[in-house]
Amino acid sequence: MTTDPMTTDPQCIIIGAGHAADEAVMSLRREGWTGSITLVGEEPHPPYNRPPLSKTFLAAGQAPEQLFFREPGVYQRAGVTLELGRRAIAIERATRHVRLDDGRSLPFAKLLIATGARPRMIDLPGALPGDMLPVRTIDDVLAIRPFARPGGRIVLIGAGYIGLETAAMLRKIGASVTVLEAMPRVLARVTAPAVSAFFERVHREEGVEIVTGATIAGLELQGGVKAIRLADGRSFPADLIIVGIGVLPNSEIAEAAGLATDRGILVDEACRTSDPDILAAGDCTRFTSAHYRASVRLESVQNAKDQARTAAAAICGKPARYDALPWFWSDQYDVKLQIAGLSEGFDAIALRGDATTGRSFAAFYLKAGEVIAVDAVNRPKEFMVGKKLIAARAHVDATRLADEAVPVADLAR
Ligand code: FAD
């Protein structure tokens, strides 16, 4: 085991300072790691809560500090060294060191890679740096805020959860918002057509212009104002363009170190990479879901935190197995969407409640009769019951799931 030449303590380094990293440091101490812990994060901030970035934090007023998980003193008292504003540029496996962008090399006995993901951006002919912004970091949102004002014209590219949440918040602030989506419907990668239709309706009711099937041709200037031009000739003036077309896992540092990767860092059920002293957790990982028996890469707080706890236990030599049921949430206007499970591959759907005129329903996804996922819109009870049904691999008749005369609690009996 590698130790600091100055001490006999084993050293644990965590690369990345996001959700997974924060959970890992606290779990390591709980699990009995007595050695040193160093957290290397390229952002200037200590670990912070990312989901509010596309929600409440977009509106002016909240200070970055309000998103921080803990005061820096908490890390200090836990014996954690924060190396912030520092990028890890290489993992030297032969000598068990992590090289930083300031030239230092830090030794490690155990290493956790928690580098998350970065936004995919598009190459838009005519666009200058700063014309298009993603929503991933505090600093991204601080750059967006001056445009988030009544009457400001904002074009969002991409109608995934982050794009739609951002659209909802910008509308609330009073901006004029257009969403351009390449697919024929919003949320096409993650939901059924009925749920997509619900969100399109809600956004239109709230005054968002949604254009699906949009092929972007370029950026042009119209009387000194930027405008996005579509291939069909339509154009949309924009004071700011926000890009929300998904993310790419930050797995290059692992790949360069010779660790196994495949659209993410490959980890086993204990979150170990192909090198047992190097673990990984969060958005940067890909693993085989025990429940779905499928290779998945998840982007959620639940996954980041649960994997981090598993990795911390494994680092401390405790039995560790990650098999949590995925869940996620999204807030848009007065709509609270809670999702449990993974709907990919569903062959039937049961809609409970009215998705076409109201704002409260649940969509249960079935595959060969088994409940595999639920999207619950302002339906916390259905979300809870859905979780139980999915975990139990329950087979429930679709008509029974859809029948509001059957009490929700009875669905799991
Ligand atoms: P991150 O939180 O991204 O942290 C990784 C950190 O590592 C980053 O700070 C990155 O800069 C740093 N890093 C990368 N490479 C290096 C390097 N070489 N050296 C040093 N540092 C490095 N999830 C939900 O469940 N519900 C939601 O409602 C929700 N809303 C979201 C809204 C937004 C706007 C965004 C962006 C995400 C949202 N998510 C949501 C997803 C959730 O935030 C992520 O799944 C979660 O942050 C993943 O945690 P992580 O620790 O893996 O990565």
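Just so you know, ligand 1 is whichever comes first in the structure, and atom 1 is the first atom listed for that ligand. Because only heavy atoms are used, hydrogens play no part in the values below, and waters and symmetry mates are left out as well, while side chains stay in. Source: prediction; values computed, not measured.
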*Distance from Thr166 atom OG1 to Gln332 atom CD, nearest 0.5 Å?*
9.0 Å
*Which atoms of ligand 1 are found less than 4.0 Å from any heavy atom of Gly41?*
20 (C), 21 (N)
*Does the N or O separation between Ala88 and ligand 1 drop below 3.5 Å for any pair?*
yes
*Judging by distance only, is a nitrogen or oxygen of Trp327 under 3.5 angstrom from one on ligand 1?*
no
*What part of Cys284 sits under 4.0 Å from ligand 1 if we count only heavy atoms: the side chain, the backbone, both or neither?*
neither
_Residue, atom name and distance, where the atom is the protein heavy atom closest to atom 6 (C) of ligand 1_ = Ala17 N, 3.7 Å
*Would you check if Leu112 and Ile13 make a side-chain contact, meaning some heavy-atom pair closer than 4.5 Å?*
no
*Find all atoms of ligand 1 within a distance of less than 4.0 Å from any non-hydrogen atom belonging to Glu43, and give their numbers and elements.*
8 (C), 9 (O), 11 (O)
*Any chance the side chains of Thr310 and Arg321 put a donor and an acceptor closer than 3.5 Å?*
no
*Minimum-distance protein heavy atom relative to atom 36 (C) of ligand 1*: Val135 O, 3.4 Å
*Output the distance between atom CG (Asp140) and atom OG (Ser54), rounded to the nearest 0.5 Å.*
11.5 Å
*Which protein non-hydrogen atom lies closest to atom 11 (O) of ligand 1, naming both residue and atom, and how far is it?*
Glu42 OE2, 2.7 Å
*Which ligand 1 atoms, with their elements, are less than 4.0 angstrom from a heavy-atom of Val40?*
20 (C), 21 (N)
_Element-labelled atoms of ligand 1 that are located less than 4.0 Å from some non-hydrogen atom of Ala304_ = 48 (C), 49 (O)
_Thr285 side chain to Asp283 side chain, donor-acceptor N/O pair below 3.5 angstrom_ = no
*asked:* Between ligand 1 and Ala20, is the shortest N or O to N or O distance under 3.5 Å?
replied: yes
*Could Arg50 and Tyr48 be counted as a cation-pi pair, given that NZ or CZ must be under 6.0 Å from the ring centre and within 45° of the axis?*
yes
*Considering only protein heavy atoms, which is closest to atom 43 (O) of ligand 1, and at what distance to one decimal place?*
Arg50 CB, 3.4 Å
*Could Arg145 and Phe57 be counted as a cation-pi pair, given that NZ or CZ must be under 6.0 Å from the ring centre and within 45° of the axis?*
yes
*Considering only non-hydrogen protein atoms, determine which one is nearest to atom 37 (C) of ligand 1 and report residue, atom name and distance to 0.1 Å.*
Ile162 CD1, 3.8 Å
_Atoms of ligand 1 close to Arg86 [distance to a heavy atom under 4.0 angstrom, numbered from 1]_ = 20 (C)
_Partner residues of His395 under the side chain to side chain contact (heavy atoms under 4.5 Å, CB included) criterion, sequence neighbours left out_ = Glu370
*Subset of ligand 1 atoms that lie under 4.0 Å from at least one heavy atom of Lys55*: 27 (C), 28 (O), 29 (C), 30 (N)
*Test side chain to side chain contact (heavy atoms under 4.5 Å, CB included) applied to Val40 and Ile14, step by step*: CA-CA 6 Å; Val40 182; Ile14 301 175; over 6 Å; no
*asked:* With a 4.5 Å cut-off on side-chain heavy atoms, are Ile339 and Tyr161 touching?
replied: yes
*Parallel under 30°, tilted from 30 to 60°, perpendicular over 60°: which one fits the rings of His45 and Phe68?*
tilted
*Using the side chain to side chain donor-acceptor pair (under 3.5 Å) rule, take Glu165 and Ser330 through it: C-alpha gap first, then chi angles, then the decisive distance, then the call.*
CA-CA 7 Å; Glu165 286 181 352; Ser330 176; 2.7 Å; yes
*Residue part near ligand 1, for Ile15, under 4.0 Å between non-hydrogen atoms*: side chain
*asked:* Side chain or backbone, does Trp329 bring an N or O within less than 3.5 Å of an N or O on ligand 1?
replied: yes
*Taking every non-hydrogen atom, the tightest pair across Cys12 and Leu28*: SG-CD1, 3.8 Å
*Decide whether an N or O pair under 3.5 Å exists between Gln302 and ligand 1.*
no
*Could you grab the distance from atom NZ of Lys318 to atom OG of Ser27, nearest 0.5 Å is fine?*
10.5 Å
*How far is atom 32 (C) of ligand 1 from its nearest protein heavy atom, and which residue and atom is that?*
Ser54 OG, 3.3 Å
*asked:* Tell me the protein heavy atom at minimum distance from atom 48 (C) of ligand 1, and give that distance in Å.
replied: Asp283 OD1, 3.1 Å
*What atoms in ligand 1 come closer than 4.0 Å to a heavy atom of Glu299?*
45 (O)
*List every atom of ligand 1 that sits less than 4.0 Å from any heavy atom of Asn250, numbering the atoms from 1 in the order shown and giving each element.*
14 (C)
*Nearest protein heavy atom to atom 3 (O) of ligand 1, by residue and atom, and its distance?*
Arg136 NH2, 2.7 Å
